Amino acid sequence: MRYTKINGTGHAVPPKVLTNDDLAKIVETNDEWISSRTGIKRRHISVTETTTDLAEQASLKALEASSVTIDDIDMVIVATVTPDHAFPGVSNLLQQRLNLKEIPTFDINAACSGFVYALNLADKLIKSEAYDHILIVGAETLTRLTDWSDRNTCVLFGDGAGAMVISKSEKPGIKDIIVGSRSDTEGHLICDSPDLKDPSVNKISQQDHIHMNGREVFKFATRVMPSTINQLLERNQLDKEDIDYVIAHQANKRIIEKASKDVDIPMDKMYVNIQNYGNTSAASVPIAIDEAIRKGHIKPGDTFVTVAFGGGFTYGGALINL
Ligand code: UT7
């Protein structure tokens, strides 16, 4: 039986920081509202950096932290909703930047759950023995899609990237993964593309923005996060005490607090870094995992659960032994 493991992580964010007070100069909001309703204090935003720039920086750190070299990587999967171009994919641009050999590279879009979807693919492909070492990345410049006049959404998002090298292993590391999707038939979380049937869009080139019914997304998130964690525990015959840490998608600190209460895992076991980054979509989970590892919150031998949800409505979770 072949197993898989995390073999190196890294993350990167653009240097420019936008605080809640900075945002209060742009829209009618204030630090008190944003902090108490979301937990966010600041976020990093790209000025010139592209999604590929951030993905490259995060990937180099993950490779450096791993036991493999660039030549050992035999596939790249990038989860993003904000690629630099419609094509080629960020993964393909990364191949050029990192000087990777001729290997399959592709992007996937499962919104904020994208990184867990990429992890699922990498895990299954390595277990099939077709590949040995896969570089997976969650990278976003979500603030490009942000409507800076909409206070309901513009206070929430930030930019960044997280990367992971997943490798074959003799011992079980990635133990179980759940991914799923529950149709968002009402379009509660959506970002339109230009209407291709209307030739006028080619002339006007209007930027499209994120539209969100926050309360409905909140309801979905607070249902699916606890149920995914509980399913992972049940089907692996584990108790909540067996879990050293939970690393959830950072969309709202209140969502994480509600999940902590519902699964009865205390908040000091729930990683929270939303105060520094806001919601970075597909980058949120790998940034949080890398930070938790580098800060020593998760140590070799520890068991942790990661869980995400997002547009679609997609969701995913993984049970991992580091
Ligand atoms: O990756 C997945 C993406 N999204 C999410 O996970 C989002 C999930 N949802 C949420 O996190 C929360 O629903 C929000 C943070 C988006 C909103 O929090 P809420 O407690 O659900 O607030 P609300 O939308 O019910 O709005 C309450 C009030 C409204 O005013 P009125 O109608 O009560 O007078 C809003 O207009 O707060 C107002 N408001 C704001 N006030 C100051 C909304 N945004 C702001 C703001 N600053 N930025």
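Remember, predicted model here, so these are calculated numbers, not experimental data. Numbering of ligands and ligand atoms starts at 1, following listing order.
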For [X] and [Y], does a side-chain donor sit closer than 3.5 Å to a side-chain acceptor?
X      : Y     : value
Asp107 : Thr80 : no
Asn92  : Arg97 : no
Thr69  : Asp71 : no

Within a distance under 4.0 Å of any heavy atom of [X], pick out the atoms of ligand 1 and give their elements.
X      : value
Arg37  : 19 (P), 20 (O), 22 (O), 27 (C)
Asn252 : 10 (C), 11 (O), 12 (C), 15 (C)
Phe309 : 2 (C), 6 (O)
Thr38  : 15 (C)
Val155 : 48 (N)
Asn152 : 43 (C), 44 (N)

Are [X] and [Y] close enough that some pair of their side-chain heavy atoms sits under 4.5 Å apart?
X      : Y      : answer
Asp176 : Arg235 : yes
Tyr271 : Glu291 : yes
Thr4   : Ser169 : no
His44  : Asp159 : no

Which heavy atom of the protein is the closest neighbour of [atom], given with residue, atom name and distance?
atom                    : value
atom 38 (C) of ligand 1 : Arg151 NH2, 3.7 Å
atom 47 (N) of ligand 1 : Thr29 OG1, 2.7 Å
atom 17 (C) of ligand 1 : Trp33 CH2, 4.0 Å
atom 3 (C) of ligand 1  : Asn279 ND2, 3.5 Å
atom 5 (C) of ligand 1  : Val217 CG1, 3.5 Å
atom 6 (O) of ligand 1  : Ala251 CB, 3.3 Å

[atom]: which of [options] has the nearest heavy atom?
atom                    : options                        : result
atom 7 (C) of ligand 1  : Met212, His188, Lys253         : Met212
atom 23 (P) of ligand 1 : Arg254, Arg215, Lys219, His249 : Arg215
atom 8 (C) of ligand 1  : Cys112, Gly214, Cys154         : Gly214

Indicate yes or no: does Asp290 engage Arg294 in a salt bridge with an N to O separation below 4.0 Å. yes

Are the charged groups of Asp264 and Lys240 less than 4.0 angstrom apart, N to O? yes

Would you indicate whether Glu241, at its atom CD, is surrounded by more than 12 heavy atoms from other residues, nucleotides or ligands within a distance under 6.0 Å? yes

Using protein heavy atoms only, decide if any is under 4.0 Å from atom 31 (P) of ligand 1. no

